[in-house]
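Positions are given from 1 along the sequence.
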Amino acid sequence: VFGGTLTGQVVASNRNGLSVGGDLTAAGMDLGTLLRATTGSDRLGGVASGRLRFLGTGQTEAAIMAGLSGDGDIAVSGGTLRGVDLARLLRNYDPAAIDDAAVTPFDSLRASFAIAGGTLDNRDLMLTGPDVRATGEGQVMLGPRRIDYRLTPVALTGEQGRELAVPVTIRGPWSNPEIAPDLEAFALQRLKLDDAALKARLDAEK
């Protein structure tokens, strides 16, 4: 399936109303192909493995998705995130690094998630690449097919050895979300770093 393997079980029961559940394990799947087929998005790619347990009830697809519950995890290797160049954004503080043609390559991405009331919630995403690492947290609304996510990238080598983090928001329909830097948070962080550097210099001159 999608270049890899999928094992486990899916059970559908119409006893006292329709319910659908599953316990699946994936290995070596082409994430880009999978996401294009299921969400219409090609912004995230790589070789993915993971686990998914889910349960939904209802007489329509919309009802099942709105009440879906479960949990799982995912690991991606040798991947790309399209729509933003995080290293360039950090290095040049350049909002133009966010563009449909921009790409962030990464070595690994790991995340776990819980699903309740049709909303997938993640709080521990970790992305590691050759020039940048990033943490992430947010939600994916499965029924409305929308995403509200926040990536906090950190340059491996910041300006003058300091590590700089610029939060990036990913919001909107999951087939074509808007990616934007949180420039206000970035400005506040730079101000704090500058204040700390000034205080350290004044202390050293005493």
Can you give me the closest heavy-atom contact between [X] and [Y], atom names plus distance?
{"X": "S112", "Y": "D124", "value": "OG-OD2, 2.6 Å"}
{"X": "P153", "Y": "V132", "value": "CB-CG2, 4.0 Å"}
{"X": "L151", "Y": "A134", "value": "CD2-CB, 4.4 Å"}
{"X": "A97", "Y": "A102", "value": "O-CB, 3.2 Å"}
{"X": "G28", "Y": "S49", "value": "N-OG, 3.3 Å"}
{"X": "P105", "Y": "V103", "value": "CD-O, 3.7 Å"}

Hey, quick one: are V11 and I115 part of the same hydrophobic cluster, counting side-chain heavy atoms closer than 4.5 Å, chains of contacts allowed?
-> no
Single-linkage hydrophobic cluster M126~L81, side-chain heavy atoms < 4.5 angstrom | no
Could you go step by step and tell me if R43 and D100 meet the salt bridge (Lys or Arg N to Asp or Glu O under 4.0 Å) rule?
-> CA-CA 9 Å; R43 291 189 179 272; D100 287 342; 3.5 Å; yes
From [X] [atom1] over to [Y] [atom2], what is the distance, rounded to the nearest 0.5 angstrom?
{"X": "F54", "Y": "M65", "atom1": "CZ", "atom2": "CE", "answer": "9.5 Å"}
{"X": "Q139", "Y": "R123", "atom1": "CD", "atom2": "CZ", "answer": "5.5 Å"}
{"X": "T33", "Y": "F2", "atom1": "OG1", "atom2": "CZ", "answer": "7.5 Å"}
{"X": "N122", "Y": "Y149", "atom1": "CG", "atom2": "OH", "answer": "3.5 Å"}
{"X": "D42", "Y": "S175", "atom1": "CG", "atom2": "OG", "answer": "10.5 Å"}
{"X": "D121", "Y": "F113", "atom1": "CG", "atom2": "CZ", "answer": "11.0 Å"}

Tell me whether the count of non-hydrogen atoms from other residues, nucleotides or ligands lying under 6.0 Å of [atom1] in [X] goes above 12.
{"X": "N16", "atom1": "CG", "value": "no"}
{"X": "E137", "atom1": "CD", "value": "yes"}
{"X": "R145", "atom1": "CZ", "value": "no"}

Is the shortest side-chain heavy-atom distance between [X] and [Y] below 4.5 Å?
{"X": "I179", "Y": "V168", "result": "yes"}
{"X": "T38", "Y": "W174", "result": "no"}
{"X": "S13", "Y": "L18", "result": "no"}
{"X": "R150", "Y": "P167", "result": "yes"}
{"X": "L55", "Y": "L68", "result": "no"}
{"X": "V140", "Y": "T119", "result": "no"}

Is it true that [X] and [Y] make a salt bridge, defined as a side-chain N closer than 4.0 Å to a carboxylate O?
{"X": "D23", "Y": "R51", "answer": "no"}
{"X": "D148", "Y": "R146", "answer": "no"}
{"X": "D71", "Y": "R53", "answer": "yes"}

Any chance you could lay out the side chain to side chain contact (heavy atoms under 4.5 Å, CB included) test for I64 and V20, step after step, and finish with the verdict?
-> CA-CA 8 Å; I64 292 173; V20 180; 4.3 Å; yes
Worked check of side chain to side chain contact (heavy atoms under 4.5 Å, CB included) between V47 and V76 | CA-CA 5 Å; V47 180; V76 185; 5.9 Å; no
How about D85 and T104: does a side-chain donor come under 3.5 Å of a side-chain acceptor?
-> no
Per the side chain to side chain contact (heavy atoms under 4.5 Å, CB included) rule, which among I74, L109, T135 passes with L125?
-> L109
Does S69 reach the main-chain N or O of A116 with its side chain, forming a donor-acceptor pair under 3.5 Å?
-> no
For the pair T80 (side chain) and R82 (backbone), establish whether a donor and an acceptor sit closer than 3.5 Å, ignoring hydrogens and angles.
-> no
